[in-house]
Amino acid sequence: MSSPPSTTLPGVELRPGKPPLLLADAHGDPADWAARHKDALRATVAAHGAVLVRGLGLHDAAAAGATFTALSADLMAETESFAPRHSYGAGVYSSSKWPQNQPMCMHHELSYALRFPRLMLFACLTAPTDGGATAVADATSVLNALPRKVVKRFERQGWLLTRSYNDELGASVAEAFGTDDREAVERYCRANAIAFDWQPDGTLHTRQRRSAVVRHPVSGRRCWFNQIAFLNEWTIAPEIREYLVDTYGADGLPFNTRYGNGDPLDPDVVELVNTVYQTHTAREPWQDGDLMVVDNIRTAHSREPFDGPRDVLVALADPIRLSDCSPSIEVTAP
């Protein structure tokens with residue numbers, strides 16, 4: 001028999017440079033623990049932007065999926081992914097497939113989409129031998145630390161994401177849109193303010209302009225909410241960027257970002273954003289069985305390089321629309 005819901009949690013450890021940590025005792029049933037502590041756990045995330053729960057013993061996809069479902073009744077299917085994932089069904093995915101020796105820099109999941117998750121749920125089934133932390137950074141602190149001149153331009157113009165789909169790096173058309181049917185892809189693009197062109201070789205090129213700063217729909221906090229630095233060419237390792245430019249051309253990179261008016265970003269602006277993220281990064285190494293809950297609007301997350309096996313499952317929860325977050329620009333197809 002399940003225990004009654006709890007409105008409070010045992011003490012959450014707040015430590016400099018680390019995400020809030022909660023030590024839990026699930027007594028062998030992590031989904032039941034999550035169901036009983038759902039409201040209190042969500043309140044903790046609302047207060048701190050993220051929380052790492054240790055001691056749940058999440059060791060397989062079934063336990064992770066049941067725990068995710070206990071925390072949110074609305075797990076969303078991912079569309080417009082920038083990297084492929086394996087689906088475990090019912091809104092449960094593998095972490096994005098990305099070279100393990102390369103970082104996935106700070107970003108907000110699907111911040112280039114018109115519909116994105118308010119919550120990110122992570123379950124570590126197998127921790128890596130070294131590295132591989134899912135680090136976090138407070139979006140309001142990052143916004144306040146960026147030079148006002150930089151922020152103002154992005155507030156006025158937004159940011160532009162360009163994508164050239166191929167089968168070598170990043171998600172393919174079928175992986176990103178759930179289909180490779182041209183008419184279905186075009187319908188999606190038109191409905192989501194994405195300009196598109198089919199190239200002579202049959203590949204798809206898209207452009208979408210989005211707001212770089214939003215307000216949190218509950219707290220009203222202004223948040224730096226985008227993937228401007230992560231998906232920019234100057235964040236790619238130099239040798240990989242050189243290969244991609246040689247192979248696909250400067251305008252055919254799998255993804256790139258610009259100012260909202262189409263002007264290219266200088267390398268120093270991209271470096272500045274990544275440096276501010278690094279200054280505000282909080283990290284804690286994964287342990288087997290950990291759960292992390294992240295407010296996707298208030299808190300950016302990353303994945304650090306790692307050695308050894310790493311099995312982290314993900315759910316995108318509580319979908320919300322950009323229009324509900326007071327975007328600084330009107331979103332239309334560029």
Side-chain angles (χ1 to χ4, degrees), residues 1-10 12-13 19-79 81 83-97 109-110 115-128 132-134 136 175 178 284-297 299 301 303 309-320:
M1 180 179 295
S2 298
S3 301
S6 171
T7 57
T8 61
L9 287 170
V12 176
E13 297 182 25
L21 176 66
L22 172 65
L23 301 179
D25 184 358
H27 300 293
D29 191 343
D32 177 66
W33 184 95
R36 287 187 288 112
H37 295 89
K38 173 182 175 179
D39 292 343
L41 195 61
R42 281 174 167 266
T44 300
V45 174
H48 302 293
V51 64
L52 177 67
V53 183
R54 179 155 289 163
L56 289 185
L58 295 167
H59 296 305
D60 57 46
T67 301
F68 292 161
T69 301
L71 292 174
S72 173
D74 199 356
L75 305 185
M76 62 184 287
E78 184 178 36
T79 307
S81 58
R85 300 182 190 269
H86 174 75
S87 174
Y88 290 87
V92 180
Y93 296 94
S94 69
S95 53
S96 298
K97 296 178 182 178
E109 204 71 25
L110 293 182
R115 183 174 177 267
F116 46 80
R118 279 185 55 184
L119 285 182
M120 293 295 295
L121 309 175
F122 300 91
C124 179
L125 308 187
T126 304
T134 298
V136 293
E175 289 166 333
E284 168 72 18
W286 282 116
Q287 292 185 15
D288 293 356
D290 283 351
L291 169 75
M292 180 179 276
V293 184
V294 177
D295 182 325
N296 185 48
I297 301 173
T299 306
H301 68 276
R303 191 223 69 191
R310 181 183 188 272
D311 191 4
V312 175
L313 302 191
V314 181
L316 290 65
D318 297 6
I320 190 170

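All values below come from the heavy atoms of this structure, side chains included, with hydrogens, waters and symmetry mates left out.
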Taking every non-hydrogen atom, the tightest pair across Ala31 and Ala70:
O-CB, 3.6 Å
To the nearest 0.5 Å, what is the distance between NE2 on His48 and OG1 on Thr299?
11.0 Å
Are Leu52 and Trp286 close enough, and set up right, to give a side-chain contact (heavy atoms from CB on, under 4.5 Å), and what steps lead you there?
CA-CA 9 Å; Leu52 177 67; Trp286 282 116; 3.7 Å; yes
On the 0 to 90° scale, with breaks at 30° and 60°, tag the Tyr88-His86 ring pair as parallel, tilted or perpendicular.
perpendicular
Without swapping roles, check the side chain of Arg310 against the backbone of Gly132 for a donor-acceptor pair under 3.5 Å.
yes
Where is the tightest heavy-atom contact between Val314 and Ser95, given as atom of each residue plus distance?
CG2-CA, 3.9 Å
Flag the pair Asp318 / Arg42 as yes when at least one side-chain heavy-atom distance between them is below 4.5 Å, and no otherwise.
yes
The ring-ring contact (aromatic ring centres under 6.0 Å, His included) partners of His301 (sequence neighbours excluded) come to His107, Phe122
Using 4.0 Å as the upper bound for N to carboxylate O, is an ion pair formed by Glu109 and Arg85?
yes
Which heavy atom of Leu125 sits nearest to which heavy atom of Ala64, and what is that distance?
CD2-CB, 4.4 Å
Straight-line distance of Asp290 CG to Leu58 CG, nearest 0.5 Å
8.5 Å
Rounding to 0.5 Å, atoms CG (Leu56) and SG (Cys124) come to a distance of 12.0 Å
CH2-NZ distance between Trp33 and Lys38, expressed to the nearest 0.5 angstrom
13.5 Å
In short, Ala317 meets Ser72 closest at the heavy-atom pair CB-OG, 3.6 Å
Side-chain heavy-atom pair Thr134, Met292 within 4.5 angstrom cut-off:
yes
Thr44 side chain to Ala40 backbone, donor-acceptor under 3.5 Å
yes
Hey, does Leu23 have a side-chain heavy atom less than 4.5 Å from the side chain of Val53?
no
Between Phe116 and Ile297, is any pair of side-chain heavy atoms under 4.5 Å apart?
yes
Minimum side-chain heavy-atom gap Thr69-Leu71 below 4.5 Å
no
Check whether any side-chain heavy atom of Leu41 lies under 4.5 Å from a side-chain heavy atom of Leu22, and answer yes or no.
yes
Do Val294 and Leu119 have side-chain heavy atoms sitting under 4.5 Å apart?
no
Within a strict 4.5 Å, meaning less than it, do heavy atoms of the Leu110 and Met76 side chains meet?
yes
Worked verdict on Asn296 versus Ile320 for side-chain contact (heavy atoms from CB on, under 4.5 Å):
CA-CA 11 Å; Asn296 185 48; Ile320 190 170; over 6 Å; no
Could you pull out all residues at least two apart from His59 that satisfy ring-ring contact (aromatic ring centres under 6.0 Å, His included)?
none
Is Asp29 paired with Arg36 through a side-chain N to carboxylate O contact shorter than 4.0 Å?
no
Rounding to 0.5 Å, atoms CG (Asp74) and CZ (Arg118) come to a distance of 11.0 Å
Kindly compute the distance separating CG (Leu291) from CG (Leu313), expressed to the nearest 0.5 Å.
11.0 Å
Residue pairs fulfilling salt bridge (Lys or Arg N to Asp or Glu O under 4.0 Å) with at least one residue in residues 59-72, sequence neighbours excluded
none
How close do Ala127 and Asp288 get, heavy atom to heavy atom, and via which atoms?
N-OD1, 2.7 Å
Quick one, Ser87 with Glu78, criterion side-chain contact (heavy atoms from CB on, under 4.5 Å). Give me CA distance, side-chain angles, the key distance, then yes/no.
CA-CA 10 Å; Ser87 174; Glu78 184 178 36; over 6 Å; no
